[in-house]
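Proteins get letters first, then strands, A, B, ... in listed order; numbering begins at 1 in each.
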Number of protein chains: 2
Amino acid sequence: MPDKPDKRSRNDHNALSVFTDLCHETREALGAMQQLVRFPAGQAITREGEEINFVGIVASGILRMQKTLTDGRHPIVGLLVEGDIFGQVFDGATEVAIEAATDTEVYAFPRGRFETLMRRSPELDRAVLLNILNELDRTRDWMVILSNAKIVNRVAGFLLIMCTRFVGVEHLVQARRDGIEVNIPMSRLDQAHLLGTRPESISRALHALAEAGDIIINTPNRILILDTGALAERVGEEDLCSITNLKNLLANKELLS
Amino acid sequence: MPDKPDKRSRNDHNALSVFTDLCHETREALGAMQQLVRFPAGQAITREGEEINFVGIVASGILRMQKTLTDGRHPIVGLLVEGDIFGQVFDGATEVAIEAATDTEVYAFPRGRFETLMRRSPELDRAVLLNILNELDRTRDWMVILSNAKIVNRVAGFLLIMCTRFVGVEHLVQARRDGIEVNIPMSRLDQAHLLGTRPESISRALHALAEAGDIIINTPNRILILDTGALAERVGEEDLCSITNLKNLLANKELLS
DNA sequence: TTGCTCAATTGATCGAAATCAATGAGGTTC
DNA sequence: GAACCTCATTGATTTCGATCAATTGAGCAA
């Protein structure tokens, strides 16, 4: 794989930026115990109820957290992107399966040593706590989106979340002259699992949004968003995952173009 | 109000049981700074984006956390019951409004002093963390329920969550000879906000469940659950909020009857 | 008791999504 | 290149839920 493993250098606000606030020795200790692990797309990382013996931080790629229902459905309860922490520490009682949605790189830290370090470093403890709080926020955002009766509106919210979530992650969100192009790193089926519907409805909703002039479907997975305001209005939530950030992004196109 | 304020005594697994694991002095310190505050049903405790200067622990009653959308809708993103912690500490960046769904008593702790105590007591810190993790779990459970296409199934999950959430809270869940009676402390409209639908559909779904023989509607808000298994099968999630606990409850009816 | 108010329910209609089925497009293997 | 294979898309039909409208029922005040 020709992927540069020293992605840490560009820690604007993703990657290992969770830890930039930490003191030198803590970062040293983390660096000493970290190990880069690769997962190809589709591979399961944890099954529900399975213990894992490491704490992971996503270095690149997308992971999906999902539940398995008795009728075979696999609703997705969240996504993990660059910089997100996962593992026993904050998984706690939760029983979710984690799978690689794309090819993924993960920094793995042995659980025991990580927890020891957490006890010694309040900053690290705080960083983990913040990560969990963010995850809680995002999950609530998904709830708001799911409570939308019309699928078109759910998809609108989905696109916005994708943007805000992926801002700064290379090749996933890029500012264009006429809007923001987002690369959705999963199939229609996965999107359906996330939004509580079926792939056909996702397809129809996207094309309805295109019809309305809010987006342009460049390829099935590369969506050009023309009007973030129109999408936001559909969801009804002005500040979904701080859309204002998106507007800043638009204002500073040169940052990504 | 004739409500006994010394509810702390029955800390089986609710009330202030979050803190039973704490050492003596920490509990002393907490007791010294706590203050009991009452909120009548319907009263707003925090608005979205508003800072509150205390950390709260629900002593009795139900709070609902909700978002306000531009179109006037108020989707509910979670409930807080006896023993749940809320406030700036774990609200973090989240902007949710909190309202009393029923008459409520809350133990309030001044924020600054609470945080100081957290820094001095790793156990308290851990307790708060655990509470947040539980909240994350529950929010994901709501996601699973909301991802259900059919309203009947959502309502089925709703009833189960109500049971598991309210077990041990007096007057809300009681074991009967023929099943479990749960008291739903909110209107059909609120239930609709929680499940992403309209009150009429809630009504129809409940009566459909009654028709199917899974439940009996004693009064609009007092539902007797006859067959937890049937409800669980509708949701598809075997272990939703640990339904097994419910079965234990059924087996030990004398505990509550 | 009579009226009043609000919530829950029921009915009827309309629109939207699930479902079933078929076609098309892109990539892979041989 | 040809034969697949997966995924996205489109179409047709049916089911379900939103919506509008009307009714019932339970507190509550006078």
Side-chain angles (χ1 to χ4, degrees), chain A residues 40-42 64 69 71-75 101-103 145-159 182-212 215-224 234 236, chain B residues 40-42 69 71-75 101-103 145-159 183-212 215-224 234 236:
Chain A
R64 55 167 187 259
L69 304 191
D71 53 15
R73 276 163 39 231
H74 286 286
T102 67
D103 288 348
I145 287 183
L146 280 174
S147 72
N148 236 309
K150 294 194 206 278
I151 305 284
V152 203
N153 299 342
R154 287 190 218 171
V155 171
F158 169 75
L159 289 175
V182 54
N183 189 357
I184 304 175
M186 57 180 122
S187 70
R188 292 285 127 102
L189 183 61
D190 274 346
Q191 298 166 40
H193 285 157
L194 193 45
L195 297 181
T197 180
R198 325 247 77 237
E200 298 95 323
S201 297
I202 299 282
S203 180
R204 284 187 242 265
L206 281 171
H207 285 267
L209 287 176
E211 195 71 27
I215 65 171
I216 291 176
I217 305 174
N218 286 336
T219 79
N221 285 348
R222 300 191 74 86
I223 308 291
L224 179 62
R234 287 179 189 270
Chain B
L69 303 192
D71 52 15
R73 276 165 38 234
H74 286 286
T102 68
D103 287 347
I145 288 183
L146 280 174
S147 72
N148 236 308
K150 294 193 206 271
I151 305 285
V152 204
N153 298 343
R154 288 190 218 171
V155 171
F158 169 75
L159 289 175
N183 189 357
I184 305 175
M186 58 180 119
S187 69
R188 293 286 127 101
L189 184 61
D190 274 347
Q191 297 166 39
H193 286 156
L194 194 44
L195 297 180
T197 179
R198 323 246 80 237
E200 297 97 322
S201 296
I202 299 282
S203 181
R204 284 188 241 265
L206 281 171
H207 286 267
L209 287 176
E211 195 71 26
I215 66 172
I216 291 176
I217 305 174
N218 286 337
T219 79
N221 286 348
R222 299 191 74 86
I223 307 291
L224 179 63
R234 287 179 189 271

Please state how far atom [atom1] in [X] lies from atom [atom2] in [N], giving the value in whole angstrom units.
X	N	atom1	atom2	value
N218(B)	dA26(D)	CG	C1'	16 Å
I217(A)	dA25(C)	CD1	P	15 Å
L195(A)	dA17(C)	CG	P	12 Å
L189(A)	dT9(D)	CG	C1'	15 Å
I202(B)	dC16(D)	CD1	P	17 Å
R222(B)	dA26(D)	CZ	C1'	16 Å
R204(A)	dC20(C)	CZ	P	13 Å
H193(A)	dA18(C)	NE2	P	12 Å

**Distance (rounded to the nearest 0.5 Å) between I184(B) CD1 and F158(B) CZ** =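 If I round to the nearest 0.5 Å, the distance is 5.0 Å.
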Closest listed nucleotide, where the reference is the side chain of [X] and the choices are [options]:
X	options	result
H207(B)	dT10(C), dA17(C), dT10(D)	dT10(C)
R198(B)	dA17(C), dG17(D), dT19(D)	dT19(D)
P220(B)	dT9(C), dA12(C), dA18(C)	dT9(C)
I151(B)	dA8(D), dA18(D), dT10(D)	dA18(D)

**Prompt:** Phosphate oxygens OP1/OP2 of dA18(D): is one of them under 4.0 Å from a side-chain N or O of S201(B)?
**Reply:**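 For dA18(D), OP1/OP2 do have a side-chain N/O of S201(B) under 4.0 Å.
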**Check: L195(A) main-chain N/O paired with R154(A) side-chain donor or acceptor under 3.5 Å** =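 Present.
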**Asked** Would you say D103(B)'s side chain and A41(B)'s backbone share a donor-acceptor pair under 3.5 angstrom?
**Response**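 Judged by distance alone, yes, a pair lies under 3.5 Å.
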**Prompt:** Considering only heavy atoms from C-beta outward, does the side chain of M186(B) approach that of Q191(B) to under 4.5 Å?
**Reply:**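 With C-beta onward as the side chain, the pair touches.
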**Message:** Are the side chains of R188(B) and N221(B) in contact, using a 4.5 Å heavy-atom criterion?
**Reply:**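 Sidechains of R188(B) and N221(B): in contact.
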**Asked** Is E200(A) side chain donor-acceptor paired with the dC7(D) base, going by distance under 3.5 Å alone?
**Response**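 Looking at the base of dC7(D), it does not pair with any donor or acceptor on the side chain of E200(A) (distance under 3.5 Å).
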**Request:** By nearest nucleotide on DNA chain C, pick out whichever of R154(A) and L206(B) is the more 5' one.
**Result:**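 Nearest-nucleotide comparison on DNA chain C picks L206(B).
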**Asked** Taking for each residue the nucleotide of DNA chain C with the nearest heavy atom, is it A149(B) or S203(B) whose nucleotide lies nearer the 5' end?
**Response**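 Comparing both residues, the 5'-ward one is S203(B).
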**Asked** When you match R188(A) and K150(A) each to their closest nucleotide on DNA chain D, which lands nearer the 5' end?
**Response**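 Result: R188(A).
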